[in-house]
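Input: a single structure, listed below in structure tokens.
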Amino acid sequence: MEHQINSWEEYEKVYAESVANPEAFWANVAESFSWKKKWDNVLSWNFDGPDVKWFEGAELNITENCLDRHLAERGDQTAIIWEPNGPKTPEIRLTYKELHAKVCQMANVLKSYGVVKGDRVCLYMPMIPELAIATLACARIGAIHSVVFAGFSANALADRINDAQAKVVLTADGSLRGAKVIPLKDIADEALSHCPCVETVLVAKRSDKFCHMQAGRDVWLGEAMDAASTDCPAETMSAEDMLFILYTSGSTGKPKGVVHTTAGYMVYAYYSFVNVFQYQQNDIYWCTADIGWITGHTYIVYGPLLAGASSVMFEGVPTWPDAGRFWAICDKYQVNQFYTAPTAIRALMAKGLEYVAPYRLNSLKVLGSVGEPINEEAWQWYNKYIGKNQCPIVDTWWQTETGGIMISPLPNITPLKPTYATRPLPGIQPCLLDAEGNELAENDVEGLLAVKFPWPSMLRTTYGDHDRCKQVYFSMFKDKYFTGDGAKRDADGNYRIIGRVDDVINVSGHRLGTAELENVINEHDIIVESAVVGYPHEIKGQGIFAFVIVQEACSQEALEAELKELINTEIGPIAKPDRIQVVSGLPKTRSGKIMRRILRKIASGDVSNLGDTSTLLDPSVVEEIKEAVLGTA
Ligand code: ATP
Ligand code: MG
């Protein structure tokens with residue numbers, strides 16, 4: 001594939017070039033796309049605004065690059081293999097030609113309901129082909145998509161629809177998740193009663209559930225598409241026209257409506273995809289994320305399609321009909337690159353090896369991880385039992401705001417180091433700062449992770465509130481994008497993410513990262529998963545509170561003694577937890593991340609205001625933990 005790095009020497013050379021002359025570097029990558037008009041200026045920027053523009057003056061449509069561009073050469077190649085919820089239901093394969101036709105049909109449907117360039121369209125859909133088609137259909141006509149994960153509640157959906165002032169909503173009658181059917185349209189209806197901005201609701205049919213259709217507003221999507229033309233010219237977009245809005249996971253507070261624009265996002269989605277996964281012609285690639293998250297946007301929809309890849313899209317859940325489903329799918333399609341999250345790996349690891357044993361997994365070449373730090377035990381399990389010690393693991397660090405993977409090994413190129421995301425991709429200039437914002441230029445240091453130079457897929461604003469974007473990301477340190485994460489850089493220049501800055505615990509003046517502590521605790525045989533937070537401590541400033549999920553019942557006394565001993569040897573006496581609480585679940589966002597801020601509140605004994613919990617997966621977990629810690633719910 002074009003612009004793919006092949007060796008460590010090449011990485012070092014390309015990286016150095018990308019820093020010495022970023023504009024020439026990115027212009028060269030951009031040359032391989034199809035443009036309606038080339039750019040006048042590669043980059044103009046200041047982080048004070050912030051005001052960042054890539055490929056100014058250029059005109060293009062990203063869907064021409066995802067679809068039309070491939071038709072002559074690989075029109076009959078599979079673009080998307082859709083694996084349904086039920087293992088016995090036949091899959092759907094869409095070739096590039098078929099996907100192109102469907103995208104045009106849906107784009108025409110959107111147009112017929114008055115959607116024009118610049119309008120916002122909200123997609124609240126299950127992982128069905130229509131969701132991928134809908135994102136591209138929006139992009140085809142210049143509408144801005146805002147995908148809302150279909151696991152969100154009516155309230156969370158209403159907030160996002162109203163924040164973006166969406167004119168049209170796409171949803172489905174139901175969403176199939178394992179043995180459950182979620183009445184998606186009913187939830188959407190509840191939200192819509194608070195959303196006067198919505199004029200039309202297009203409903204895909206996915207279940208046998210009856211759903212109410214409101215006359216004059218609701219339309220069956222399938223029927224409308226069948227009647228629509230398969231020809232839809234691609235709208236001409238400027239490089240910096242908005243492509244989509246996507247709300248962050250809400251791990252640290254109220255979700256932010258991150259805005260990505262067209263040309264830069266396109267260039268970086270492609271470049272990062274082909275390099276991090278080392279995708280080769282005819283490979284089968286699978287990212288298990290939901291399109292409702294940034295990972296799904298960049299590495300299910302845009303990145304793979306820009307590269308002309310064949311990629312799997314999965315509707316169901318990893319544990320149904322049993323915990324071997326991921327591996328069954330890997331074997332079924334002979335998946336070559338597999339990309340998932342630590343939360344899924346830990347969950348499957350806890351179910352036992354009998355769910356892995358029946359599968360060969362011999363097609364796998366590259367394994368990926370994203371979303372949270374991957375602890376060493378999970379890394380080793382993934383490496384040994386899934387990768388059979390043959391597949392490099394790419395631990396990819398990035399954010400909704402960064403649009404694409406920022407720090408990651410390149411498989412078979414970068415020397416791996418478990419729990420380290422290792423090196424920045426070419427064009428990415430991360431740095432570590434002390435609390436005053438001074439750059440820590442040496443290696444073997446720890447600090448706040450920031451980025452000191454723009455990259456093509458960085459966020460441009462937070463929707464409707466540019467000041468929030470400035471405050472959250474660009475005000476903390478002058479001329480730097482601040483990530484909110486803390487990191488370490490080892491003597492060789494490898495980065496390790498040590499957790500969110502808000503989560504760092506300060507014990508008697510020693511700063512401890514949550515990831516580091518959890519990494520050690522999780523090594524204990526009996527521990528399935530853990531979350532560590534700090535709480536006010538009279539003597540030490542902050543004490544360490546560990547919430548743990550155990551594999552089987554055990555004595556509290558023995559558990560405490562063993563965990564303290566383990567931490568004592570692995571990190572040191574300073575890091576020994578003051579309190580250890582066994583719980584049956586941890587508060588997680590719907591994308592599977594631990595919301596430590598809630599645990600921090602509970603640990604400090606203050607549960608009066610838990611902040612924004614709209615993205616919490618299971619609120620009952622919080623009640624249980626409150627009860628366990630404070631004796632009250
Ligand atoms: P919010 O910004 O609303 O609090 P969020 O940060 O969870 O939500 P995302 O953009 O989905 O929203 O997640 C990005 C964050 O996930 C990163 O800032 C980092 O904390 C964490 N993360 C992602 N990938 C990795 C990784 N490979 N290693 C460590 N942490 C990671
Ligand atoms: Mg974040």
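Side chains included, hydrogens not; waters and symmetry mates left out as well; all remaining heavy atoms used. Indexing begins at 1, ligand by ligand and atom by atom, following the structure's order.
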So Phe152 and Thr615, do their side chains get closer than 4.5 Å, heavy atoms only?
yes
Please state which part of [X] comes within less than 4.0 Å of ligand 1, counting heavy atoms only: side chain, backbone, both or neither.
{"X": "Asp485", "result": "side chain"}
{"X": "Thr589", "result": "neither"}
{"X": "Trp293", "result": "neither"}
{"X": "Lys256", "result": "side chain"}
{"X": "Lys593", "result": "side chain"}

Closest non-hydrogen protein atom to [atom], residue and atom name please, with distance?
{"atom": "atom 6 (O) of ligand 1", "value": "Arg500 NH1, 2.9 Å"}
{"atom": "atom 10 (O) of ligand 1", "value": "Thr400 OG1, 2.5 Å"}
{"atom": "atom 12 (O) of ligand 1", "value": "Ser249 OG, 3.0 Å"}
{"atom": "atom 7 (O) of ligand 1", "value": "Ser251 OG, 2.5 Å"}
{"atom": "atom 26 (C) of ligand 1", "value": "Glu372 O, 3.5 Å"}
{"atom": "atom 4 (O) of ligand 1", "value": "Thr252 OG1, 2.4 Å"}

Check whether Ser475 reaches the backbone of Lys470 with its side chain - one donor and one acceptor, N or O, closer than 3.5 Å.
yes
Within the side chain of Trp455, is there an N or O that forms a donor-acceptor pair under 3.5 Å with the backbone of Thr402?
yes
Answer yes or no: does an N/O atom from [X] fall short of 3.5 Å to an N/O atom of ligand 1?
{"X": "Thr483", "result": "no"}
{"X": "Pro255", "result": "no"}
{"X": "Ser369", "result": "no"}

Relative to the heavy atoms of Thr396, which atoms of ligand 1 are at a distance of less than 4.0 Å?
24 (N), 25 (C), 26 (C), 27 (N)
Which atoms of ligand 1 sit under 4.0 Å from any heavy atom of Trp398?
14 (C), 17 (C), 23 (C), 24 (N)
Residue among Glu372, Glu518, Glu377 satisfying salt bridge (Lys or Arg N to Asp or Glu O under 4.0 Å) with Arg346:
Glu372
State the OG-CD1 distance between Ser530 and Ile549, to the nearest 0.5 angstrom.
8.5 Å
Check this for me, if you would: do [X] and [Y] make a salt bridge, where the nitrogen-to-carboxylate-oxygen distance has to be below 4.0 angstrom?
{"X": "Asp283", "Y": "Lys365", "value": "yes"}
{"X": "Lys452", "Y": "Glu439", "value": "yes"}
{"X": "Lys488", "Y": "Asp490", "value": "no"}
{"X": "Asp48", "Y": "Lys478", "value": "yes"}

Which label fits Tyr299 and Tyr339: parallel for a plane angle under 30°, tilted from 30 to 60°, or perpendicular past 60°?
perpendicular
Lys351 atom NZ, neighbour heavy-atom count above 12 within 6.0 Å
no
Run the numbers on Trp327 and Phe338 for ring-ring contact (aromatic ring centres under 6.0 Å, His included), then give the verdict.
CA-CA 10 Å; Trp327 323 129; Phe338 176 76; 5.5 Å; yes
Would you say Gly371 touches ligand 1, if touching means a heavy atom closer than 4.0 Å?
yes
With a 4.0 Å cut-off on heavy atoms, is Ile294 touching ligand 1?
no
Candidate with minimal heavy-atom separation from atom 29 (C) of ligand 1, of Gly368, Gly499, Gly250, Pro373:
Pro373
